[in-house]
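Below is one structure, written out as structure tokens; comments come after it.
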Amino acid sequence: MGLTGAGKTTIGKALARRLGREFMDSDHVISDRTGVSVREIFEVEGEQGFRNREQAVICELATGKDRVLATGGGGILREATRECLKANCLVIYLYAKPEEIFKRIGHDHTRPMLDGNPLKRLQDLYQLRDPLYREVAHHVVETQGRSHQSLQDILAWLSTQGIQAMSPSSSPTPSSAPSLTPST
Ligand code: S3P
């Protein structure tokens, strides 16, 4: 979990490779099932329509086994969704300051929550959501410009929870330290 642009997709995919697990992204599942983009769902059904779909998908995916799940940045807005996550998953909050995220993704126009003034929107989202992410998270990781350190931090924490990674060489594809720009 974390704000849009915090690195959920980049780090989540790298983590899934190291754990030998499937990577899933709630936004992608919603888009695949509806056949339209998240932005189109916002336009047609409004934010609450999207949140209804998001709640159902996250609560479904959260009960699955052997996967790494990235949620949309607003997935923690509903209490019911927070409860599904907390009860069924080891939840990791990828923390990044809004100013840092703006540097990474301020140019990206695919994110409806950042329409208008993206930096101001990110600052507002941060104020509202940081406490919610912290409420749900079992672990908080500070993300920097590159994902390698965050990944190592997560793997170290997971090992304290009894979840061991494969060595980088035995992962299905080579583990890398991709830049967090411009992925989410
Ligand atoms: C949203 C974040 C997006 C997507 C939707 C709403 C939000 O996901 O779910 O545009 O409310 O912050 P990412 O966090 O993957 O960008």
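Numbers here are sequence positions counted from 1. Each ligand, and each atom within it, is numbered from 1 in the order the structure gives.
No more than 12 heavy atoms of other residues, nucleotides or ligands lie within 6.0 Å of NZ in Lys97, so this atom counts as exposed by the packing criterion.
Remark: Gln127 engages no residue in a side-chain contact (heavy atoms from CB on, under 4.5 Å) (not counting sequence neighbours).
With a 4.0 Å heavy-atom cut-off, ligand 1 is reached by no atom of Arg39. Heavy atoms of Arg129 found under 4.0 angstrom from ligand 1 belong exclusively to the side chain. Of the heavy atoms in His28, none comes closer than 4.0 Å to ligand 1.
Among Thr71, Ile41, Asp27, the residue whose heavy atom lies nearest to atom 4 (C) of ligand 1 is Asp27. Atom 11 (O) of ligand 1 has its nearest heavy-atom neighbour, among Lys8, Glu47, Met1, Arg51, in Arg51.
Remark: ligand 1 and Pro112 share no N or O pair separated by less than 3.5 Å (distance only, no angle test).
There is a side-chain donor-acceptor pair under 3.5 Å between Glu99 and Gln123. Tyr126 and Tyr133 share no side-chain donor-acceptor pair at under 3.5 Å. For the residue pair Arg18 and Gln164, no side-chain donor N or O sits within less than 3.5 Å of a side-chain acceptor on the partner.
Of all atoms in ligand 1, listed by their number and element, those nearer than 4.0 Å to a heavy atom of Phe50 are 9 (O). The Arg111 neighbourhood of ligand 1 comprises atoms 16 (O), with distances under 4.0 Å to a heavy atom of that residue. Each of the atoms 5 (C), 10 (O) of ligand 1 lies under 4.0 Å from some heavy atom of Val38. Applying the 4.0 Å criterion to heavy atoms of Gly73 picks out, from ligand 1, the atoms 2 (C), 8 (O), 12 (O), 13 (P), 14 (O). Numbered from 1 in the order shown, with element, the atoms of ligand 1 that lie under 4.0 Å from a heavy atom of Met113 read 1 (C), 6 (C), 7 (C), 11 (O), 12 (O).
A donor-acceptor pair is defined here as one N or O able to donate and one able to accept, closer than 3.5 Å; such a pair exists between the side chain of Ser31 and the backbone of Val36.
Electrostatic pairing of Glu45 and Arg53 counts as a salt bridge here, judged by a charged N lying under 4.0 Å from a carboxylate O.
Within the 4.5 Å cutoff, the side chain of Ile163 has heavy atoms near those of the Arg21 side chain.
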